[in-house]
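Contents: one structure, followed by commentary.
Because only heavy atoms are used, hydrogens play no part in the values below, and waters and symmetry mates are left out as well, while side chains stay in. Index from 1, following the sequence. Remember, it's 1-based here, ligands and their atoms both numbered in the order they're listed.
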Amino acid sequence: MTNSWVNWAGDQQCAPATIATPRTADEVAELLGRAGDAGQTVRVAGAGHSFTDAVLTDGVLLDLRNLNRVLDVDAATGRVRVEAGITLNAASNALHEHGLAFPNLGDIDVQTVAGATATATHGTGGALQNLSAALHSIELMLADGSRVELNAETDPEGWRAARVSVGALGVVTAATLQLVPSFVLEGVERPVPVEDILADLDSHIDTNDHFEFYMFAHSPVAMTKRNNAVDLAEQPRGKAVDWFADMLMSNYTFDALCKLGRWQPRLVPLIHRGAAYAGSYRRQVDRSYRVFASPRLIRFTEMEYAIPREHSAAAIREIKELSTRFDTPMPIEVRWVAPDDAFLSPATGRDTCYIAVHQYRGMAYEPYFRACEAVFDKYNGRPHWGKRHFQTADTLRGRYPDWDRFAEVRRRFDPKGRFSNGYLNRVLGPVD
Ligand SMILES: Cc1cc2nc3c(=O)[nH]c(=O)nc-3n(C[C@H](O)[C@H](O)[C@H](O)COP(=O)(O)OP(=O)(O)OC[C@H]3O[C@@H](n4cnc5c(N)ncnc54)[C@H](O)[C@@H]3O)c2cc1C
């Protein structure tokens, strides 16, 4: 029987020589030793929620799902030590009991802590950085099984590289997170004309803790989402309401509409207008992570680019207009994040607008995504490392001010390229 691994979207697969699910960091070290003896390269799989070939290998694939424990909680400082394979959801649930929460999350929370931070996974919030900013320190295991504890004090260069590493430096076995006191969010969804949003964009972004919107190419109306911390008690939705809102309307009904669009692409404009108008006012008041994240059952593929915030409105208009020329039943999502200083963070050094385009499974994505990428290129866009793009190290180098500093740290931690794969060789270049 051959080993095989496939990502969540079902469109990235590989047949590694070995797939291992270690339970301890010592087992990871042993596996690295054996891989070294056999001259095999090593990659780590998180929850497999990247759309790129970031995880793929024909060498050794380490699946860290069993390294999933909370190791230590200091409720007074908000610092929490976790194993790297714990999911954001498991961590949120466990840490809520200690009165702690992530300051921000994306649309889903099933990713692992190490996998999400490795690609600079983000939520939305003009004053909030991506999820890697919640890292306080990282335990990194190198190819020889040795461990280094990286943080801003022990190794400032290594730290800025390791927070967003796309798995290029070694195996992250544990992390200390800096969390915030648990909070209740009021989430309000409301349809608003796209042009009304764009006319007053800064105030939408700056007067909400978390502002984002979805829009459909063929509809003038967008669905806005505002999440704000409130001083109210949690009002968890009943299971039936949850099922109706998250599963029936957002997943099953929309999946059926996407299937219709795949079967009859000429119906896409109609589906867009229907889907945009079907969205209505919704309000949810609950603990933060239940409002941030919701289940995603529809299978699709995605491209997402980080562009300078000042170009938000122009790029949004261009992508919306361009999307009318392609058959995709799916929406365009727009979010904002604050700058950080991780060398490979798409938000490094600049206030950022993220624009994501999607294609339903089984429908051609490449012509659409290439056309969108040409627009993002114009704005010096930086791709999400976990979402589809067509860049190479040559086209990316000039977009990251500290590109060479990352390469230097990579040479130091992984001089022989033992953690490389096709994706890294393409987008970061081989270790030289
Ligand atoms: C339905 C869906 C919704 C999404 N929503 C968002 C969103 O709202 N915001 C956003 O920014 N992104 C989003 N994403 C993208 C997703 O968050 C990223 O691709 C993320 O990296 C996936 O995490 P994962 O745990 O599945 O890691 P994987 O995809 O398995 O791995 C990602 C990378 O991390 C490396 N890695 C994993 N674990 C380790 C480790 N322990 N040590 C070293 N390297 C490691 C892998 O080798 C790989 O390079 C979404 C994806 C999907 C499918």
Side-chain angles (χ1 to χ4, degrees), residues 5-12 14 22 25 28 32 41-57 61-68 82-90 104-124 130-132 138-142 162-175 210 212 214 225 250-251 292-306 330 333 335 337 344-347 352 354 356 358 361 383-388 413-414 419-424 427-428:
W5 181 90
V6 63
N7 69 340
W8 171 88
D11 56 0
Q12 299 286 358
C14 62
V28 176
L32 290 177
T41 53
V42 178
R43 289 299 286 166
V44 185
H49 274 59
S50 292
F51 298 95
T52 53
D53 44 339
V55 167
L56 307 193
T57 182
L61 186 62
L62 301 179
D63 176 337
L64 298 196
R65 74 180 64 197
N66 293 324
L67 281 181
N68 61 1
V82 294
E83 290 183 322
I86 192 169
T87 64
L88 299 170
N89 181 263
N104 204 0
L105 287 171
D107 296 336
I108 56 164
D109 60 3
V110 298
Q111 308 97 315
T112 60
V113 163
T117 51
T119 64
T121 292
H122 61 93
T124 191
N130 69 44
L131 265 62
S132 308
I138 288 173
E139 181 180 84
L140 183 73
M141 190 176 284
L142 308 182
R163 262 149 55 213
V164 179
S165 71
V166 206
L169 304 179
V171 183
V172 176
T173 42
H210 315 266
E212 69 175 287
Y214 287 86
K225 266 176 97 172
S250 306
N251 281 294
F292 283 132
S294 47
R296 285 281 189 284
L297 302 183
I298 301 182
R299 299 297 149 130
F300 57 89
T301 192
E302 181 172 345
M303 161 179 277
E304 186 175 44
Y305 263 84
M330 302 210 55
E333 185 181 14
R335 294 178 276 185
V337 306
L344 288 190
S345 167
T352 292
Y354 270 101
H358 308 81
R361 76 171 149 187
H384 188 306
W385 297 109
K387 303 193 182 178
R388 284 189 185 273
F413 285 141
D414 185 27
F419 294 102
S420 289
N421 67 352
Y423 181 66
L424 292 191
V427 304
L428 299 182

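Checking only distances, Arg296 never comes within under 3.5 Å of ligand 1, N or O to N or O. Among the atoms of Trp5, none of the N or O lies under 3.5 angstrom from an N or O of ligand 1. Here's the thing with Thr121: one of its N/O atoms is less than 3.5 angstrom from an N/O atom of ligand 1. Between Ala47 and ligand 1, an N or O atom pair is found at a separation short of 3.5 Å. Considering backbone and side-chain N/O atoms, Ser50 comes within less than 3.5 Å of an N/O atom of ligand 1. Taking only nitrogen or oxygen atoms, main chain and side chain alike, Val172 reaches within less than 3.5 Å of ligand 1. Close N/O approach between Gly106 and ligand 1 is not found [any backbone or side-chain N/O within under 3.5 Å]. Between Gly46 and ligand 1, an N or O atom pair is found at a separation short of 3.5 Å.
For atom 7 (C) of ligand 1, the closest non-hydrogen atom of the protein is Arg335 NH1, 3.5 Å. Closest to atom 26 (O) of ligand 1, if we only count protein heavy atoms, is His49 N, 2.7 Å. For atom 9 (N) of ligand 1, the nearest non-hydrogen atom of the protein is His122 O, 2.8 Å. Ranking the protein heavy atoms by distance from atom 5 (N) of ligand 1 puts Ile108 CG1, 3.8 Å first. In this structure, atom 12 (N) of ligand 1 lies nearest to the protein heavy atom His384 NE2, 3.1 Å. Protein heavy atom at the shortest distance from atom 6 (C) of ligand 1 is Lys387 NZ, 3.8 Å. Of all protein heavy atoms, the one closest to atom 37 (C) of ligand 1 is Gly115 CA, 3.5 Å. From the protein, the heavy atom lying nearest to atom 31 (O) of ligand 1 is Val55 CG2, 3.7 Å.
Of all atoms in ligand 1, listed by their number and element, those nearer than 4.0 Å to a heavy atom of Leu64 are 41 (N). Taking every non-hydrogen atom of Ala114 and a distance limit under 4.0 Å, the qualifying atoms of ligand 1 come out as 38 (N), 39 (C), 40 (C), 41 (N). Listed by number with element, the atoms of ligand 1 under 4.0 Å from a non-hydrogen atom of Thr112 are 25 (O). Listed by number with element, the atoms of ligand 1 under 4.0 angstrom from any heavy atom of Val171 are 42 (N). Close approach to Arg43 involves these atoms of ligand 1, each under 4.0 Å from a residue heavy atom: 47 (O), 49 (O). The ligand atoms of ligand 1 that sit less than 4.0 angstrom from a heavy atom of Gly167 are 44 (N).
Dense packing is recorded around CZ of Arg361, with more than 12 heavy atoms of other residues, nucleotides or ligands lying under 6.0 Å away.
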Working for side chain to side chain donor-acceptor pair (under 3.5 Å), residues Ser294 and Arg296:
CA-CA 7 Å; Ser294 47; Arg296 285 281 189 284; 3.3 Å; yes

Apply the test side chain to side chain contact (heavy atoms under 4.5 Å, CB included) to residues Leu88 and Val113: give CA-CA distance (whole Å), side-chain angles for both, the deciding distance (0.1 Å), then the verdict.
CA-CA 6 Å; Leu88 299 170; Val113 163; 4.1 Å; yes

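Contact between His122 and Val337 at its shortest, heavy atoms only, is CB-CG1, 3.8 Å. The shortest non-hydrogen separation linking Glu333 to Tyr214 is OE2-OH, 3.3 Å. Contact detail for Leu131 and Gly123: the closest heavy-atom pair is CD1-N, 4.3 Å. Minimum heavy-atom separation, Val172 to Leu64: O-CD1, 3.6 Å. Here the closest heavy-atom approach between residue Arg43 and residue Phe419 is recorded as NH1-O, 2.8 Å. Between Asp63 and Arg65 the shortest heavy-atom distance is OD2-NH2, 2.8 Å.
Taking all heavy atoms of Val28, Asn7, Val44 into account, the minimum distance to atom 36 (N) of ligand 1 is reached by Val44.
When side chains are defined from C-beta on, Val166 counts as touching Tyr423, because their heavy atoms get closer than 4.5 Å. Between Lys225 and Thr124, the closest side-chain pair of non-hydrogen atoms is not below 4.5 Å. At a threshold of 4.5 Å between non-hydrogen side-chain atoms, the residues Leu32 and Val42 count as touching. A heavy-atom distance below 4.5 Å is found between the side chains of Asp11 and Arg388.
Looking only at distances, no side-chain donor or acceptor of Asn104 sits under 3.5 Å from a matching main-chain atom of Asn130.
By the 4.0 Å heavy-atom criterion, Gly170 is counted among the residues contacting ligand 1. Using a 4.0 Å cutoff on heavy atoms, Phe51 counts as a contact of ligand 1.
The NE2 atom of His384 lies 7.5 Å from the CD atom of Glu302; values are rounded to the nearest 0.5 Å.
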